[in-house]
Structures are given as structure tokens and as C-alpha cells.
S.K.: 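Before we start, here is the structure in question, set down as C-alpha cells.
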Amino acid sequence: MSTRYNPQDAEPKWREAWDKADVYRAKPPEEAGDAPKAYILEMFPYPSGRLHMGHVRNYAMGDVIARFRKAQGYNVLHPMGWDAFGMPAENAAMKQGVHPGEWTYKNIADMRAQFMKLGLSLDWSREFATCDPEYYGSQQALFLDFYEKGLIYRKASKVNWDPVDQTVLANEQVIDGKGWRSGAPVEQRELTQWFFKITDYADDLIAGLESLDRWPDKVRTMQANWIGRSEGLQMRFEWAGQAPAGYEGGVEIFTTRPDTLYGASFIALSPDHPLTVEMATDNEALEAFRADCAKVGTSEEAIEKAEKIGFDTGLTVKHPFEDRELPVWVANFVLMGYGTGAIFACPAHDQRDLDFARKYDLSVIPVVLPSGEDAATYEIGKEAFAGPGRIYNSGVLTGKSIEDAKAAAIEAIESACLGSRTVNYRLRDWGVSRQRYWGCPIPVVHCDTCGIVPLPKSELPVRLPDEVSFDIPGNPLERDTDWKSCTCPKCGGVATRETDTLDTFVDSSWYYSRFASEGNSAERTYWMPVDQYVGGVEHAVLHLLYARFFTRAMRDAGQLDLPGGEPFAGLFTQGMVTHETYKTDAGDWISPDELNLSNGSPTVKATGEAVTIGAIEKMSKSKRNTVDPDDIIARYGADVARLFTLSDSPPERDVEWTQSGVEGAARFAQRVWAVFDALPYGADPTAANGDNDLRRLSHKSVANIQEAIEGFRFNSAVASLYEWVNALKKAESGADLEDRAEACSFLARCLVVFTPHLAEECWSRLGASGLVVEAPWPEIDPKLLVQDTLTLPVQVNGKKRGEINVPADAGGDVIEALVMADSAISAHLDGKTVKKVIVVPKRIVNIVVG
RNA sequence: GCGGACGUGGUGAAAUUGGUAAACACAACGGACUUAAAAUCCGUCGGCCCGAAUGGGCCUUGCCGGUUCAAGCCCGGCCGUCCGCACCA
């Protein structure tokens with residue numbers, strides 16, 4: 001008689017058994033023996049308070065890999081912790097009057113309980129939250145090390161100010177002119193800020209991308225573009241007339257197109273260029289022009305539509321090669337933040353320069369001739385030509401290719417002592433000051449006598465004050481005079497603490513190495529780098545770039561032995577969990593569990609109101625299309641939730657959550673149980689031998705699943721499981737007991753990576769010893785993977801006309817003879833001339849007839 | 001504008017060295033069991049056509065062309081969708 005698998009009973013039971021046996025603890029290196037290490041990590045969560053399906057999918061994926069490696073005999077580190085500083089805790093404090101720390105730790109407790117129910121193979125002994133004083137104290141020590149190494153500095157600069165969150169944002173955190181979290185339009189403010197010298201590593205960060213062959217190309221490309229290395233020439237144009245005071249040497253510009261120097265028509269300065277600013281002090285018209293430029297927004301659309309505008313300064317400079325003068329303009333499209341904040345314009349070969357030149361009637365001199373054009377007649381209309389061609393109209397450069405001309409022009413400028421070859425980056429230094437309470441305090445003091453003084457490590461951690469109030473906007477640390485006042489470690493005089501805290505991205509830039517161990521220990525060296533990292537692609541340039549910088553800085557500060565400097569050897573970016581959206585005619589979003597779908601057109605259960613089915617979108621609170629993991633676990637079990645998020649779509653793509661799909665996964669779990677439950681007690685899986693279809697299928701399935709997991713094709717691995725279980729069910733009558741037992745023993749050990757509780761229940765039903773979560777991956781008999789006879793498709797002129805059975809070791813001639821002797825095939829040849837027979841052993845036969 | 005990814009049945013998708021397109025699942029339909037329902041099990045399921053039938057033929061991976069004995073996969077050109085960056089000299 002058959003029983004049903006009951007996840008509500010089985011899941012807690014097995015989790016307790018795992019806990020008792022402490023099966024997920026990573027072994028320290030000295031206990032690992034010959035086992036290779038595998039550090040598997042998913043991006044640690046922000047403790048918002050509730051788990052969502054996206055978490056389930058993310059951590060289920062990491063768990064598949066961690067469990068698979070464990071089964072293969074690796075010493076696995078699979079830790080979990082909390083990215084716990086940040087704005088939401090302060091928002092909660094303002095709204096609910098609860099202390100950010102209290103709110104955060106309560107959320108952590110809630111989410112940890114939810115995590116526990118998922119049955120992940122996590123080593124909780126290494127858990128920490130970034131808001132633990134022990135953690136942020138170590139971070140402060142790192143800060144001091146970096147400071148001493150000259151990797152941190154303070155400067156006044158224009159910064160991105162988020163008026164809603166009342167804090168500064170890094171360039172990476174400004175998306176489309178808006179704060180990445182608040183969505184408020186970002187303002188520019190002049191503030192004194194702390195910066196990490198990430199630009200020191202710009203070249204190394206680009207070079208390192210080469211070695212990351214287990215990263216998605218997309219992420220590597222995004223990082224390379226973000227760093228934005230460009231090679232070119234930095235040079236000065238000397239004044240033709242009176243030099244402005246302080247600029248006697250000329251105007252410094254940067255260009256990547258020195259080959260077009262003969263096409264130079266004017267010089268353009270940024271409105272924020274120091275020279276512009278200085279001239280504007282006694283030139284009202286210029287000052288007004290600068291104000292006009294500042295009005296244009298920074299959003300995509302604003303820039304797209306913004307007209308090129310300019311202001312003629314009246315100054316002129318000398319062309320470096322020719323006896324002519326160029327006017328100096330101020331132009332709104334020249335950015336102060338890139339290069340030198342000044343350019344030379346060659347309108348013929350740059351669209352922006354051309355637009356500007358046409359508007360202000362400046363000269364347009366083509367110097368690159370596209371192939372097929374005649375130098376005498378070639379003209380530039382409204383489109384600048386930026387393509388390949390030959391240099392002409394260009395003195396000694398004439399006739400050269402663009403590349404040769406660049407080299408020659410740079411050489412000429414260098415020998416004239418006007419400039420030199422330079423590399424420029426789009427990447428800026430990382431501004432880390434945040435005017436917030438709930439973050440890591442920066443461990444320095446401001447002393448009237450000594451200036452900025454770093455604290456000695458003995459005074460760490462600099463703890464956040466417990467007593468805070470959020471009744472007025474701004475930074476509570478700024479108002480906390482008790483906390484602020486301190487003595488200067490250098491002179492002993494009165495000093496004030498730094499009230500800025502660190503960007504929370506600093507916290508997540510080194511947590512993975514803290515999981516490995518504290519300090520620069522042998523254990524940290526053993527585990528690092530992370531072998532497989534799993535997380536969302538939204539961190540492609542934020543977290544993942546900062547972390548790569550941090551490992552390099554930690555290495556150079558003597559805090560980490562990691563020669564290559566790369567923290568994550570393998571990276572996998574997973575897709576999101578989506579769901580249909582539902583809306584009433586009144587425009588209210590309706591959640592899936594308020595919906596009645598049973599009778600044709602969907603309605604709201606409570607009111608009977610008609611509902612329109614909308615687009616499939618990422619699960620979000622605002623669209624109310626979320627499904628709560630707790631509800632799913634209560635109803636179907638954690639295994640089913642995990643299995644479904646992995647089964648329907650490739651892991652890098654989005655998966656659509658559907659009720660019927662989840663029910664399908666639940667049915668599968670029952671089918672698996674039925675297969676085990678139908679097996680008579682006492683069958684010996686190790687007694688299976690010989691060669692038959694069932695054994696071949698079992699061994700082949702293990703091979704397929706293994707390959708699919710290694711290639712991150714979890715959906716294909718799950719499909720193989722389905723196929724295998726379906727066949728096993730059919731084989732219940734007729735197959736040898738031992739062969740069925742072997743199949744089940746293998747199956748339980750494959751299932752464990754996806755549905756560990758179910759696998760454990762099945763393993764126990766088999767009467768196998770120990771826990772399946774500790775069982776080794778099934779050993780495949782290679783003899784059962786090779787076929788004695790193969791069925792080859794036979795094509796005639798590329799169209800399949802039949803099949804033929806041949807011995808697996810048959811050579812080309814033998815196969816050809818067999819094919820030609822086959823009556824079904826020869827019917828298709830029908831007296832035509834056989835021109836050629838192509839035999840691809842083990843694959844296909846194609847007969848070409850004329 | 002620049003860079004990248006993708007486009008296959010009603011749906012999610014397989015086909016990871018150029019070699020049988022549509023595995024597996026969802027939905028749908030038909031049937032069995034049942035007083036009934038649920039659950040479960042069995043079957044059909046890309047399109048068009050021929051045949052009473054076992055069966056057979058033609059077409060089909062966004063569109064057009066190319067390479068090849070053979071193309072979903074390689075090359076060229078379009079169209080469309082999504083993502084990232086964006087006045088970066």
C-alpha cells in the first residue's frame with residue numbers, strides 16, 4: 001500500500017538531524033586532509049525583515065553547488081551573514097520610533113528563522129552582521145591601514161547630494177540623475193569628503209578582468225566600460241595673444257584623436273574649468289552663461305535634448321603644427337570631470353564639435369578621407385565622419401593610416417615639449433562619506449591643533465552611541481555633542497570625532513574574507529578566493545568593483561594573502577522571480593491570494609470585482625504580485641519551493657512563478673516518494689550488476705545531472721531527474737530489485753542537492769546508513785555509458801530517411817556497407833547516382849545523390 | 001549614439017564541438033477509477049497534406065541571403081525585444 005510524503009513532518013525532523021550531526025561545519029585546513037577546498041558564497045542579504053522568493057532562488061542555487069561539491073568530497077565553506085547597515089533602519093526609526101539597531105537585530109532574528117526552514121547547507125557558526133561592533137571595528141582598523149598606505153584622502157569636491165536621504169552618493173549610486181535608493185533628483189554640493197583611491201588600481205582592475213574566465217562576459221564588459229580606459233595625448237596649446245594670469249603655459253587638453261590635429265578649429269573649455277571660473281569673476285556675460293549651463297539637468301533626456309551652447313572668450317591659441325590661430329570658447333558639452341576639462345575641437349570628425357561649429361560658424365576642416373572619396377571634392381555636411389580612412393590635408397601626417405598618424409602626432413608633440421602620451425579613465429575615486437547614523441564610524445578625530453588625526457587601533461572600535469533621536473532630519477551624530485567630543489590622541493587637547501560614517505558598500509567589500517577568518521591568518525589564505533559567488537547582476541559595477549578594489553588594497557596593506565587580487569574566481573548572476581500582475585478597473589493592484597481564478601474571468605474573492613491580468617513583472621510589494629515563501633513552505637514544503645525556482649527556466653534568466661508550476665513540482669515530489677515506497681525492504685543497491693536498460697539509465701542520468709550542474713544548467717538537471725523518475729516508475733514491474741535499489745540509491749544522492757529533506761526521507765526508506773547529505777556522489781560505471789550498438793539516423797541529401805543499427809565500434813566502411821544494404825534506405829536512392837557517402841561515426845550518415 | 005545579450009510549439013523551455021529540432025514541464029483535450037469530487041493513472045498534443053490503417057510526404061527555430069554533404073548553432077545584411085553606459089573628447 002502506498003503512503004504520501006508529508007513535508008510538514010519530514011522537513012523539521014531532518015533539519016534537526018542535520019543540526020545534531022553538525023554536518024555543514026567547514027573543516028579548518030588542518031583537518032581537511034587531502035580534500036580540496038570549495039568556498040561557495042551567495043551575496044549576503046540585507047535584513048529587511050522578510051524573505052522573498054528572489055532570496056529562495058538565489059540561495060537555492062548556491063546550495064546546489066555547495067551540496068554538489070560536498071558530495072564530491074570537497075571541504076566546503078558555505079557561510080551566511082547580514083549586510084546590516086543602511087538607510088531603511090533609520091527610516092524605520094523615524095517612522096516607528098524604534099532604535100535602528102533594535103529594528104535590525106529583530107529583522108535578522110526573523111529572517112534567520114525563515115532561512116532555517118529552507119534547509120540550506122549553511123555553516124551558521126561563522127554568522128555575523130556588519131553592524132556588530134566586532135565587525136565594524138575590524139573595518140575601522142582596515143581604514144587606518146589604508147589611510148597609512150595613502151589609499152584614503154579627504155578633499156573638498158562637488159558631490160552628489162541626495163536631498164531625500166540627506167546624504168552624499170557615489171557616482172555608481174547615481175542612476176539616471178537620481179539617487180539609487182530614494183529616486184530623488186540628485187543635487188550638486190560642495191563638501192569635504194573622504195575618498196578611497198580606487199583610481200590607483202584602474203589599470204590593474206582592467207587587467208584582472210582578463211583572468212576572470214568564470215565570470216559572465218556581460219559583467220566583465222560592464223566593468224571595463226565603467227573604468228573606461230582610453231589612451232591618448234595630453235598637450236597644451238600656447239597662447240597666440242596675451243596669456244591670462246596663472247595660465248602662461250597655455251591651455252591643457254586631452255584627446256584620443258591626435259591624428260586629427262590638423263583639423264583643429266577651436267578650443268573648448270568646460271563651464272567649470274578653473275580658467276572659465278576665474279574669467280567669469282569680472283565678466284558678467286560669462287557668469288550668466290555659466291549659470292545657463294548649470295540649469296540643464298543631468299538626466300538622460302535633458303542631455304539628449306540639450307542644445308550645444310558656447311561663449312567666445314576672445315582668447316586665441318597657436319596651432320602646434322601650422323601658422324594659424326584658434327579661438328578659445330567655453331562650451332556646455334565639455335565636462336570638467338574628464339580629462340583636463342578642455343578639448344581641441346575637430347568638427348569634421350566629431351559630431352558634437354560639428355554641431356557646435358555649425359551653430360557658431362566655425363571652420364570645418366576634413367583630415368580623414370574615407371576610402372572611395374576624392375580629396376578634391378569630399379565635404380562634410382551635417383554628419384561628422386568618425387570612420388576609418390586615410391589622413392590628408394595634414395602636412396607630414398598626410399597619407400598615413402589613423403593609427404600611424406596618432407603615433408606620429410604624439411611623437412611630434414612630445415619632441416616639441418608640448419605634451420605627452422597619457423591614459424585617461426572614466427573611473428573616479430570612491431567617495432565613501434555618508435552623513436548618516438546607521439553606518440560604520442570613520443575612526444579619525446578633528447583637532448584644532450593637529451588637524452585630522454587617525455585614532456590608534458587600541459581605541460577601536462569607535463562605537464555608535466546608543467542614545468539617538470531621529471525627530472529632526474539630518475545626521476544625529478552631528479548633533480550628539482557628548483559622543484562627538486573627545487581628546488586628540490596626538491596632543492591630548494580637545495578634539496571632535498568625525499561624524500561621517502562609511503558608505504555601506506564598504507561593509508560588503510570585504511565580508512567574504514571575514515567569513516574565511518579574521519586577520520591575515522593561514523585559514524583566510526586557505527579559503528580565499530571565493531570559488532563560486534552567486535548573486536544579482538545589479539551589482540555588476542557597484543559591489544563587484546568595490547570588492548575587487550578592496551582585495552587589492554587589503555593585499556597591499558598586508559591584510560590579505562591573495563596574489564592575483566581577485567576575490568571571486570567564479571561568478572554567477574541569477575535571474576529574478578517574476579509573477580503576473582493583477583489590477584481592478586479602479587486601478588488597484590490585487591495580490592494573487594486575493595484572486596478567484598476558478599470561473600473563467602478572474603475576480604476579487606472578497607468583492608467579486610473584475611480583474612485584468614497584467615504584465616509579468618519582478619515580484620514587488622508595490623505591484624502586490626509577491627508570493628510569501630512562508631506560505632509556500634507551509635503548504636508544499638521548502639523542497640518544492642526550491643525545486644520550482646530552479647526547474648522552469650535557466651538560472652541566469654527570470655523564472656515566472658505560477659501556481660500550476662509549483663503544483664507540478666509538488667506532484668514530482670510525491671512521484672519520487674512513490675518510487676521509493678514501492679521498493680520492497682531489504683533490496684541491496686550494491687548488488688546490482690550486469691548490463692540492462694535500467695542500469696544504463698541510472699548511470700547515464702547521474703552523468704547528465706552532474707554535467708548539467710557543473711554547467712549551471714539546473715533546469716536541465718531537473719529535467720533529467722523527471723525523466724529518470726518517470727522511467728523508474730514504469731520499471732517497477734519487470735526490473736530486478738537490486739537494479740531498482742541501485743537506481744533509488746543513486747537518485748536519492750542526486751536529489752539531495754535540490755530537495756534535501758525529501759532525499760533524506762527516501763534515503764532512510766532505503767535503509768541506507770548515515771545521512772544522505774553526507775553521502776558521496778554516486779560512482780558511475782563507465783562501461784554502462786557506452787553502447788554496444790547504436791542507432792544512427794540516415795539522411796539522403798540532408799533529409800532524414802531512416803535509421804540503422806550498427807555496432808558501436810563499426811568503422812566508416814562497415815557502416816556504409818550496412819546502409820547501402822538496407823532496403824528501406826535503398827528505396828530512397830531509386831536508381832539515382834550516389835555521389836558521396838558521409839559517415840560521421842556515432843553521429844549520422846548522409847548519402848549525397850545526384 | 002556606443003557596448004552587450006536574446007528571438008525555437010498555446011506557455012516556460014531542451015538541443016554546450018555544425019549531425020534525428022521541440023527532451024522535461026505547464027496548459028489544453030480524450031479516457032480509466034469513483035455515487036460524486038479530489039487525488040492518481042493511461043493516451044493525444046508545431047503546421048499542412050495523402051491514406052481505411054500500420055504508415056507516409058511536405059513545411060517549420062524573427063526576416064533575407066551565404067558557407068557546408070549537413071545550419072536553431074558559423075558568416076553578411078535587415079527587423080524586433082531586453083539590459084548596461086551615455087555630451088567621456
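We name chains A, B, ... by the order of the sequence lines, and we start the count at 1 in each one.
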S.K.: Given atom CZ of A:Arg352 and atom C1' of B:rA86, what is their separation to the nearest angstrom?
M.R.: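 Those two atoms, CZ and C1', are 10 Å apart.
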S.K.: Using whole Å, what does the distance between atom P of nucleotide B:rC69 and atom CG of A:Asn846 come to?
M.R.: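 It is 10 Å, rounded to the nearest whole Å.
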S.K.: Are OP1 or OP2 of B:rA25 and a side-chain N or O of A:Tyr722 less than 4.0 angstrom apart?
M.R.: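 Checking A:Tyr722 against B:rA25: no side-chain N or O falls below 4.0 Å of OP1 or OP2.
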S.K.: Rounding to an integer number of Å, can you tell me how far A:Gln223 CD sits from B:rC85 C1'?
M.R.: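 Checked: the CD to C1' distance equals 14 Å.
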S.K.: Taking the nucleotide of RNA chain B with the nearest heavy atom to each, does A:Thr791 or A:Ile847 sit closer to the 5' end?
M.R.: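 Looking at RNA chain B, the more 5' nearest nucleotide goes with A:Thr791.
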S.K.: Can you list everything that forms a salt bridge (Lys or Arg N to Asp or Glu O under 4.0 Å) with A:Glu538? Sequence neighbours excluded, please.
M.R.: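 Testing A:Glu538 for salt bridge (Lys or Arg N to Asp or Glu O under 4.0 Å), a comparison that skips the adjacent residues, returns none.
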S.K.: Determine, for nucleotides 3-15 of chain B in 5'-to-3' order, which nucleotides have protein heavy atoms under 4.0 Å from the base (write B), from only the sugar-phosphate (write S), or from neither (write -).
M.R.: S--------SSSS
S.K.: Counting side-chain heavy atoms from CB outward, which of B:rA86, B:rG19, B:rU20 is closest to A:Arg426?
M.R.: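 Side chain of A:Arg426 sits closest to B:rA86.
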S.K.: Measuring centre to centre across the rings, with the benzene-like ring taken for any Trp, is A:Phe266 within less than 6.0 Å of A:Phe356?
M.R.: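 Yes, the ring centres sit under 6.0 Å apart.
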S.K.: Without swapping roles, check the side chain of A:Ser716 against the backbone of A:Ala708 for a donor-acceptor pair under 3.5 Å.
M.R.: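 Not confirmed, A:Ser716 side chain does not pair with A:Ala708 backbone.
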S.K.: Would you kindly give the CG-to-P distance between A:Leu542 and B:rG84, to the nearest whole Å?
M.R.: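 The answer, rounded to whole Å, is 12 Å.
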S.K.: Whole angstrom is fine here: how far is it from CZ in A:Phe237 over to P in B:rA89?
M.R.: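 In whole Å, B:rA89 P lies 16 Å from A:Phe237 CZ.
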S.K.: Here's a test of your reading of the structure: between A:Glu663 and A:Arg257, which maps to the more 5' nucleotide of RNA chain B?
M.R.: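 On the 5' side of the pair lies A:Glu663.
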S.K.: Apply side-chain hydrogen bond (donor to acceptor under 3.5 Å, both in side chains) to A:Lys359 and list each qualifying residue two or more places apart in sequence or on a separate chain.
M.R.: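 Counting only residues at least two positions away or on another chain, A:Lys359 forms a side-chain hydrogen bond (donor to acceptor under 3.5 Å, both in side chains) with A:Glu307.
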S.K.: In whole angstrom, give the distance that lies between atom CZ of A:Phe668 and atom C1' of B:rA25.
M.R.: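 Roughly 11 Å, once rounded to whole Å.
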S.K.: Does atom CZ of A:Arg428 have more than 12 heavy-atom neighbours, drawn from other residues, nucleotides or ligands, at distances under 6.0 Å?
M.R.: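 For A:Arg428, atom CZ is crowded (more than 12 foreign heavy atoms under 6.0 Å).
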S.K.: Mind checking the C1' distance from B:rG46 to B:rU54? Whole angstroms is fine.
M.R.: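 To the nearest whole Å, 23 Å.
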S.K.: Considering only atom C1', compute the distance from B:rA70 to B:rU20 and round it to an integer number of Å.
M.R.: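 Going atom to atom, C1' in each nucleotide, I get 12 Å.
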S.K.: Tell me, please, which residues at least two apart from A:Arg57 pass salt bridge (Lys or Arg N to Asp or Glu O under 4.0 Å).
M.R.: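 Scan of A:Arg57 (salt bridge (Lys or Arg N to Asp or Glu O under 4.0 Å), adjacent residues dropped) gives none.
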S.K.: Using the P atom as the point on both nucleotides, what is the distance between B:rC73 and B:rG51, in whole Å?
M.R.: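 My reading of the P atoms in B:rG51 and B:rC73 gives 36 Å.
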S.K.: Please give the distance between the C1' atoms of B:rG62 and B:rG56 as a whole number of Å.
M.R.: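 B:rG62 and B:rG56 have their C1' atoms separated by 31 Å.
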S.K.: Testing the basics here: between A:Arg421 and A:Ala407, what is the closest heavy-atom pair and its distance to 0.1 Å?
M.R.: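 Closest heavy-atom pair between A:Arg421 and A:Ala407: NH2-CA, 4.4 Å.
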S.K.: Choosing from B:rC88, B:rG19, B:rC24, which nucleotide comes nearest the side chain of A:Asn726?
M.R.: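 The nucleotide sitting nearest to the side chain is B:rC24.
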S.K.: Looking at RNA chain B, which of residues 798-806 of chain A put a heavy atom within less than 4.0 Å of it?
M.R.: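 Going residue by residue through residues 798-806 of chain A, the ones with a heavy atom under 4.0 Å of RNA chain B turn out to be A:Lys799, A:Lys800, A:Arg801, A:Glu803.
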S.K.: Return a single string for nucleotides 41-47 of chain B, one symbol per nucleotide in 5' to 3' order, where B is base contact, S is sugar-phosphate-only contact and - is none, cutoff 4.0 angstrom on heavy atoms.
M.R.: S------
S.K.: Is a side-chain N or O of A:Ser649 found less than 3.5 angstrom from the main chain of A:Asp654, in a donor-acceptor match?
M.R.: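 Such a contact is found between A:Ser649 side chain and A:Asp654 backbone.
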S.K.: What nucleic acid atoms does A:Gly228 come within less than 4.0 Å of, heavy atoms only: base, sugar-phosphate, or nothing?
M.R.: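 Nothing, no heavy atom under 4.0 Å.
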S.K.: Need one value for A:Gln351: base, sugar-phosphate or nothing, where a base atom within 4.0 Å counts as base even if backbone is also close, heavy atoms only.
M.R.: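 No contact.
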S.K.: Of all residues at least two apart in sequence or in a different chain, which pass the ring-ring contact (aromatic ring centres under 6.0 Å, His included) check with A:Trp430?
M.R.: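 If we apply the ring-ring contact (aromatic ring centres under 6.0 Å, His included) test to A:Trp430, skipping adjacent residues, the hits are A:Phe196, A:Tyr546.
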S.K.: Is any side-chain N or O of A:Lys308 under 3.5 Å from a base N or O of B:rC87, one able to act as donor and the other as acceptor?
M.R.: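 Under the 3.5 Å cut-off, the side chain and the base do form a donor-acceptor pair.
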S.K.: Grab the two heavy atoms, one from A:Pro366 and one from A:Val364, that are nearest each other, plus how far apart they are.
M.R.: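 Shortest heavy-atom contact: CD-O, 3.5 Å.
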S.K.: Could you check which of B:rC88, B:rC24, B:rU20 has an atom nearest any side-chain atom of A:Ile844?
M.R.: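 Closest of the options to the side chain of A:Ile844: B:rU20.
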S.K.: Listed by chain and number, what are the salt bridge (Lys or Arg N to Asp or Glu O under 4.0 Å) partners of A:Glu403, not counting sequence neighbours?
M.R.: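 A:Lys406.
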S.K.: Hey, can you pull the residues of residues 261-276 of chain A with a non-hydrogen atom under 4.0 angstrom from RNA chain B?
M.R.: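 Here the set is empty: none.
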S.K.: Give the dot-bracket string for RNA chain B, reading 5' to 3', where a pair is Watson-Crick or G-U wobble with both distances under 3.5 Å, ( ) marks pairs inside the strand, [ ] marks pairs crossing earlier ones, | marks a partner on another strand, and . marks unpaired.
M.R.: (((((((..(((......[....))).(((((.......))))).(((((....)))))..(((((..]....))))))))))))....
S.K.: Starting at CG of A:Asp350 and ending at P of B:rC2, how long is that distance when rounded to a whole Å?
M.R.: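 My rounded result for the distance is 13 Å.
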S.K.: Can you check the distance between B:rA22 and B:rG4, where both ends of the measurement are the P atom (answer in whole Å)?
M.R.: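 B:rA22 and B:rG4 have their P atoms separated by 33 Å.
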S.K.: Is A:Val840 touching bases, backbone alone, or none of the nucleic acid, heavy atoms closer than 4.0 Å?
M.R.: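 It contacts base atoms.
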S.K.: What pairs meet the salt bridge (Lys or Arg N to Asp or Glu O under 4.0 Å) rule with one or both residues in residues 345-354 of chain A, with sequence neighbours excluded?
M.R.: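 Passing the test, one end in residues 345-354 of chain A: A:Asp350-A:Arg352.
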S.K.: Rounded to whole angstrom, note down the C1' distance from B:rC64 over to B:rC69.
M.R.: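 Going atom to atom, C1' in each nucleotide, I get 24 Å.
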S.K.: Please check: side-chain N/O of A:Arg358 versus main-chain N/O of A:Lys382, any donor-acceptor pairing under 3.5 Å?
M.R.: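 Answer holds: no.
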S.K.: For A:Phe714 and A:Pro651, which heavy atoms make the closest approach, and how far apart are they?
M.R.: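 Residues A:Phe714 and A:Pro651, closest heavy atoms: CD1-CG, 3.7 Å.
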S.K.: Please report, rounded to the nearest Å, how far the P atom of B:rC85 is from the CG atom of A:Leu545.
M.R.: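 One finds 13 Å between P of B:rC85 and CG of A:Leu545, rounded.
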S.K.: For the backbone of A:Asp272 and the side chain of A:Thr276, can you confirm whether one donor and one acceptor N or O come within less than 3.5 Å of each other?
M.R.: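 Judged by distance alone, no pair lies under 3.5 Å.
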S.K.: Considering only side-chain heavy atoms of A:Ala719, which listed nucleotide, B:rC69, B:rC24, B:rC88, is closest?
M.R.: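 Per side-chain heavy atoms of A:Ala719, the pick is B:rC24.
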S.K.: If you measure from the P atom in B:rA21 to the same atom in B:rA39, how many Å do you get, rounded?
M.R.: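 Result for the P pair: 38 Å, nearest Å.
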S.K.: Syn if the chi torsion is within 90° of 0, anti otherwise; quick check, which is B:rG10?
M.R.: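 Anti conformation here, the glycosidic angle of B:rG10 being more than 90° from 0.
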S.K.: Return yes if some donor-acceptor pair links the side-chain N/O of A:Asn625 with the main-chain N/O of A:Glu617 below 3.5 Å, else return no.
M.R.: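 Side chain of A:Asn625 to backbone of A:Glu617, a donor-acceptor pair under 3.5 Å: yes, one is there.
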S.K.: Tell me the closest heavy-atom pair linking A:Ala409 and A:Leu397, and the distance in Å.
M.R.: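 In this case the closest contact between A:Ala409 and A:Leu397 is N-CD2, 4.0 Å.
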S.K.: Just wondering, are more than 12 heavy atoms of other shown residues or ligands nearer than 6.0 Å to CG in A:Asp693?
M.R.: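 For A:Asp693, atom CG is not crowded (no more than 12 foreign heavy atoms under 6.0 Å).
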S.K.: Determine the interatomic distance between C1' on B:rC88 and the same-named atom on B:rC82; round to the nearest Å.
M.R.: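 My reading of the C1' atoms in B:rC88 and B:rC82 gives 25 Å.
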S.K.: Students often get this wrong, so: under 4.0 angstrom with heavy atoms, is A:Val537 touching a base, only sugar-phosphate, or nothing?
M.R.: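 Contact class for A:Val537: none.
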S.K.: Not counting sequence neighbours, which residues clear salt bridge (Lys or Arg N to Asp or Glu O under 4.0 Å) with A:Arg696? List them please.
M.R.: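 A:Asp691.
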